[in-house]
Enquirer: 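After the structure tokens below, expect a handful of questions from me.
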Amino acid sequence: MKDKNPTVLFQRIAFIGFGLIGSSLARVVRRQGLAGHIAVCARSRKTLDKARALRLADSVSLDAGEAASGADLVMICTPLSAYSEVAADIVPALETGCIVSDVGSVKVSVLRELGSVLPDGVHLVPGHPVAGTEHSGPEAGSAELFAGRWCILTPPQGTPPAVTERVAELWRRAAMNVEVMDPEHHDQVLAMTSHLPHLIAYSIVDTATDLEDYLKKEVVKFSAGGFRDFTRIAASDPVMWRDILLANKDAVLEVLSRFNEDLTVLQRAIRRGQGDKLEVAFTRTREIRRGVIDAKQD
Ligand code: NAP
């Protein structure tokens, strides 16, 4: 019987949303037999057909409530703007003892949105696997996506440690390092490490888009000078990033204003020909790069 199998962490995992992140986690679950049953919900029949074709779903449904029914883990893997609709659909179907988790890139808004609507006896353990690519959809997924990266869990106060541990163990099986964090702190850190860099990439590529045609052609042709790396980041899903930047508005605006101040300082140094100032700034930044490499996050 499946529930006697020690590798089974959950009897039924319901994935609500099945794109890059959901399908990647499902690949890990399938490969290691971590769930007795994988239920998949997406918005379109096309995605459900792909989940079936990839042999990642035991059952599929366009109805999130149907997928969540009988689940001991519901993993929300949709863009953040779909959460309130998903919550309304799953709440009537959730059973006592069920854990609701997610993979969303912002955490305060998730706590606000889901924390107040889940029924008593249902646990909330929001999460963020800090791993990904600029690609979307179930075919873009990979069981190796999470290996060696961090997963941050932000359970609300009062969540039994054993409940958080069950979700942590799932991510550890995906070869992630797990850290429990306060949601506000998560959003401040990610505003700097992920949200601001994406905003800057979108902005630089947008600047190139507005160039006159004769210049634009040359920018694409000679993009290897650094621009190319920004175009990869700026090719990320527009809906997902719209949602992230709006959901983490306060923390993003805070780091953005600091960035603008620092950029102005560099701008002035260039105008005044103050090479020493530029050199000091560019030397300091190498330290950060060394830290990233030492932390094996390059
Ligand atoms: P994705 O590849 O675009 O997949 C999103 C999935 O959500 C699709 O299967 C879509 O269904 C489904 N969906 C959208 N609205 C829905 C609704 N109302 N009900 C049910 N399903 C719905 O997105 P992703 O890259 O996996 O990102 C998912 C979440 O992970 C986001 O919240 C993001 O913040 C977070 N995240 C992303 C990354 C990354 O690098 N991509 C990294 C860490 C965390 P259809 O396919 O049928 O349209």
Side-chain angles (χ1 to χ4, degrees), residues 1-18 21-22 25-26 28-30 32-42 51 56-78 80 82-104 107-129 146 151-174 176 178-183 186:
M1 268 178 42
K2 286 225 164 88
D3 56 357
K4 295 262 168 67
N5 183 343
T7 63
V8 172
L9 301 178
F10 294 95
Q11 290 310 309
R12 178 181 170 107
I13 300 182
F15 286 92
I16 313 299
F18 208 66
I21 303 295
L25 183 58
V28 173
V29 170
R30 181 62 99 208
Q32 298 180 37
L34 303 180
H37 183 102
I38 300 176
V40 171
C41 165
L56 294 173
D58 297 308
S59 62
V60 295
S61 177
L62 292 169
D63 178 347
E66 189 176 76
S69 177
D72 45 356
L73 176 66
V74 176
M75 187 60 80
I76 303 174
C77 302
T78 67
L80 292 161
Y83 276 39
S84 55
E85 182 192 333
V86 167
D89 289 344
I90 62 172
V91 159
L94 297 174
E95 292 179 6
T96 302
C98 171
I99 300 173
V100 175
S101 187
D102 81 313
V103 298
K107 299 279 47 112
V108 172
S109 66
V110 168
L111 203 62
R112 204 168 36 225
E113 205 136 22
L114 298 180
S116 56
V117 296
L118 295 186
D120 288 346
V122 169
H123 304 288
L124 176 63
V125 183
H128 178 200
F146 308 113
C151 182
I152 299 171
L153 300 181
T154 61
Q157 275 189 353
T159 304
V163 168
T164 305
E165 177 51 31
R166 288 186 73 193
V167 180
E169 182 57 20
L170 177 63
W171 288 111
R172 274 190 223 110
R173 299 290 182 99
M176 295 202 95
V178 178
E179 183 137 322
V180 172
M181 204 182 266
D182 177 70
H186 167 279

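Start at 1 with the first residue, then count along the sequence.
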Enquirer: For Glu165 and Arg172: C-alpha separation, side-chain torsions, deciding distance, then whether side chain to side chain contact (heavy atoms under 4.5 Å, CB included) applies.
Expert: CA-CA 10 Å; Glu165 177 51 31; Arg172 274 190 223 110; 2.9 Å; yes
Enquirer: How many angstroms lie between atom CZ of Phe15 and atom SG of Cys41, to the nearest 0.5 angstrom?
Expert: 12.5 Å
Enquirer: Return the set of residues passing side chain to side chain donor-acceptor pair (under 3.5 Å) with Arg166 (not counting sequence neighbours), or none when no residue passes.
Expert: none
Enquirer: Could you tell me which residues satisfy salt bridge (charged side-chain N to carboxylate O under 4.0 Å, His left out) with Arg112, sequence neighbours excluded, listed by chain and number?
Expert: none
Enquirer: By salt bridge (charged side-chain N to carboxylate O under 4.0 Å, His left out), which residues pair with Asp182, not counting sequence neighbours?
Expert: none
Enquirer: What residues form a ring-ring contact (aromatic ring centres under 6.0 Å, His included) with Phe146, not counting sequence neighbours?
Expert: Trp171
Enquirer: Just to verify, what does Glu113 make a side chain to side chain donor-acceptor pair (under 3.5 Å) with, not counting sequence neighbours?
Expert: none
Enquirer: Could I get the full list of side chain to side chain donor-acceptor pair (under 3.5 Å) partners for Ser59, not counting sequence neighbours?
Expert: His37
Enquirer: Listed by chain and number, what are the salt bridge (charged side-chain N to carboxylate O under 4.0 Å, His left out) partners of Glu85, not counting sequence neighbours?
Expert: none
Enquirer: Show me the side-chain donor-acceptor pairs of residues 87-101 shorter than 3.5 Å, one per line, residues at least two apart or across chains.
Expert:
unit_1	atom_1	unit_2	atom_2	d
Ser101	OG	Val125	O	2.6

Enquirer: Testing the basics here: between Gly17 and Cys77, what is the closest heavy-atom pair and its distance to 0.1 Å?
Expert: O-CB, 3.4 Å
Enquirer: Please report the closest heavy-atom contact between Ala67 and Ile16, naming both atoms and the distance.
Expert: CB-CD1, 4.0 Å
Enquirer: Step by step, would you call Val40 with Leu56 a side chain to side chain contact (heavy atoms under 4.5 Å, CB included)?
Expert: CA-CA 8 Å; Val40 171; Leu56 294 173; 5.8 Å; no
Enquirer: Which heavy atom of Ile152 sits nearest a heavy atom of Met181, and at what distance?
Expert: CG2-CB, 3.6 Å
Enquirer: Decide side chain to side chain contact (heavy atoms under 4.5 Å, CB included) for Leu9 and Glu169; before the verdict, give the C-alpha distance in whole Å, the side-chain angles of both, and the deciding distance to 0.1 Å.
Expert: CA-CA 8 Å; Leu9 301 178; Glu169 182 57 20; 4.0 Å; yes
Enquirer: Measuring from atom NE2 of His128 to atom OG1 of Thr154, what distance do you get when rounded to the nearest 0.5 angstrom?
Expert: 10.5 Å
Enquirer: Let me know which of Leu34, Leu25, Val29 forms a side-chain contact (heavy atoms from CB on, under 4.5 Å) with Arg173.
Expert: Leu34
Enquirer: Determine which pairs satisfy salt bridge (charged side-chain N to carboxylate O under 4.0 Å, His left out) with at least one residue from residues 56-65, sequence neighbours left out, and list them in order.
Expert: Arg30-Asp58
Enquirer: Could you tell me whether the side chain of Lys107 and the main chain of Pro126 form a donor-acceptor pair under 3.5 Å?
Expert: no
Enquirer: Quick one: closest heavy-atom pair of Leu124 and Pro156, and the distance?
Expert: O-CD, 3.1 Å
Enquirer: Which residues satisfy the side chain to side chain donor-acceptor pair (under 3.5 Å) test with Ser61, sequence neighbours excluded?
Expert: Glu66
Enquirer: Report, one line per pair, each donor and acceptor closer than 3.5 Å where one atom sits in a side chain of residues 68-76; sequence neighbours left out.
Expert:
unit_1	atom_1	unit_2	atom_2	d
Asp72	OD1	Gln11	N	3.2
Asp72	OD1	Arg12	N	2.9
Asp72	OD2	Gln11	N	2.8

Enquirer: Does the pair Val110 and Leu80 meet the rule for a side chain to side chain contact (heavy atoms under 4.5 Å, CB included), with working shown?
Expert: CA-CA 8 Å; Val110 168; Leu80 292 161; 3.9 Å; yes
